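Worksheet for the structure shown next.
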2 protein chains.
Amino acid sequence: MRTTPDESANELLDVVPIVMRDIRSEMRSRRSHDLTVPQFRTLAFVNRNTGSSLLEVANFMGLTPPSASRLVDVLISRGFMTREEQATDRRRVKLTVTRRGLAVLKTCREGTLAHLSDKLSCLAPEDREGIVRAMQTLRSVFATDTHKRALLK
Amino acid sequence: MRTTPDESANELLDVVPIVMRDIRSEMRSRRSHDLTVPQFRTLAFVNRNTGSSLLEVANFMGLTPPSASRLVDVLISRGFMTREEQATDRRRVKLTVTRRGLAVLKTCREGTLAHLSDKLSCLAPEDREGIVRAMQTLRSVFATDTHKRALLK
DNA sequence: TATTGTTATACTCTATAACTATA
DNA sequence: TATAGTTATAGAGTATAACAATA
């Protein structure tokens, strides 16, 4: 198999949206507590980085600050997150996942993983291994938040 | 490496949204003519399946009929697609990509592929090959439109 | 009556522009 | 003046419910 960058790009463009749609519709289903994908990812990020600022969220999510602000608004209105001022710099915001938010995050992640696992369970172990390796490769190319907190401050 | 279904599911859930965001923001950029991902996929599907009905689009896209109808509205309003009645069954709609739609589709695809190719060009050939194989595996698990037209009629 | 599709309505995502508050 | 964040505004994606037209 001769694999040019263009050929692999083509496969990515074809398949990634298909998998993404599956993830989205599983998350929006009641089973997983009805989080959108952006809500889920934001919640997960803030949970891993308690006290993070709005710009850190925006940067991780690849969003403009207003978009991130709206996303956070929704999560707060649903009781999944809180927003406070940072003591050292009152312009900055300090985001925290609530206990309820953590519970929803957990349910959503578990539900989605169970769904995906089920779909992948019919594959040969070496195929799953190939998927894991490919994802790791893709993360190294596309991830925006490697050492993010170190870079931001 | 022991790769359980859950482990591969976890990687998918982590990485797919990251790649997806990259694709989306490239498409929304002016370089690629500002198509959304759903618009791009719909245009590509109708281009491959000239004269397809609304329900075929909805099915391929994984959308409800009203959502697909809206999506098509936007594409028509931008002059990228036309909607006619089918002669044999006047309830059915016959969708066709216009010349202009085809040009935009081509520009968008090429721009996005060039962008992705560039990102993937730093990888070792065997890593790209791993990506291609993983995408093919994932397509076999997640694709909804295999033999779709045969199934629908 | 069943099928194909649209309209009405409501939310969310996302962007740009303009603004406020703090440093 | 520069930075962090929000508000205003607008277009698009998506769903459910209700409807119209055709078979």
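Here is how names work: the chains are called A, B, and so on, in the same order as the sequence lines, proteins then strands, and each is numbered from 1. Here the structure is a predicted model, which is why all the values come from computation and not from measurement.
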Please report the distance, rounded to the nearest Å, between [atom1] in [X] and [atom2] in [N].
X      : N       : atom1 : atom2 : result
R41(B) : dT14(D) : CZ    : C1'   : 14 Å
I76(B) : dA12(D) : CD1   : P     : 14 Å
R28(A) : dT16(D) : CZ    : P     : 10 Å
E85(B) : dG5(C)  : CD    : P     : 11 Å
D73(A) : dG5(D)  : CG    : C1'   : 11 Å
F40(A) : dT12(C) : CZ    : P     : 19 Å
L95(A) : dG5(D)  : CG    : P     : 8 Å

Does one side chain, of T137(A) or S140(A), offer a donor that lies under 3.5 Å from an acceptor on the other? no
Can you find a donor-acceptor pair, distance only, under 3.5 Å between [X] side chain and [N] base?
X      : N       : value
R92(B) : dT4(C)  : no
R90(A) : dT22(C) : no
R70(A) : dT16(C) : no
S67(A) : dA15(C) : yes

Selection from [options] that lies nearest to any side-chain heavy atom of [X]:
X      : options                  : value
R83(B) : dT6(C), dT14(D), dT14(C) : dT6(C)
L63(A) : dA15(C), dT14(D), dT7(D) : dA15(C)
V74(B) : dG13(D), dA15(D), dT7(D) : dG13(D)
R91(B) : dT14(C), dT4(C), dG13(D) : dT4(C)
L55(A) : dG5(D), dT16(D), dA23(D) : dG5(D)

Across the strands shown, which category fits [X] at heavy-atom distances under 4.0 angstrom: base, sugar-phosphate, nothing?
X      : result
T64(A) : base
P38(B) : sugar-phosphate
D89(A) : sugar-phosphate

If only side-chain N and O atoms of [X] are considered, is one of them under 4.0 Å from the OP1 or OP2 phosphate oxygen of [N]?
X      : N       : answer
Q86(B) : dT22(D) : no
S69(B) : dT6(C)  : yes
R21(A) : dT14(D) : yes
R78(B) : dA12(D) : no
T36(B) : dA12(D) : no

For T88(B), the option from Q86(B), E85(B), R90(B) that meets side chain to side chain contact (heavy atoms under 4.5 Å, CB included): Q86(B)
Side chain to side chain contact (heavy atoms under 4.5 Å, CB included) test vs F80(A) passes for just one of L35(A), L102(A), V97(A), L105(A), namely L35(A)
Look at the side chain of S69(B) and the backbone N and O of P65(B), then say whether any donor-acceptor pair between them is shorter than 3.5 Å. no
Within the 4.5 Å heavy-atom criterion, are E26(B) and R31(B) side-chain neighbours or not?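 Result yes, sub-4.5 Å side-chain heavy-atom pair found.
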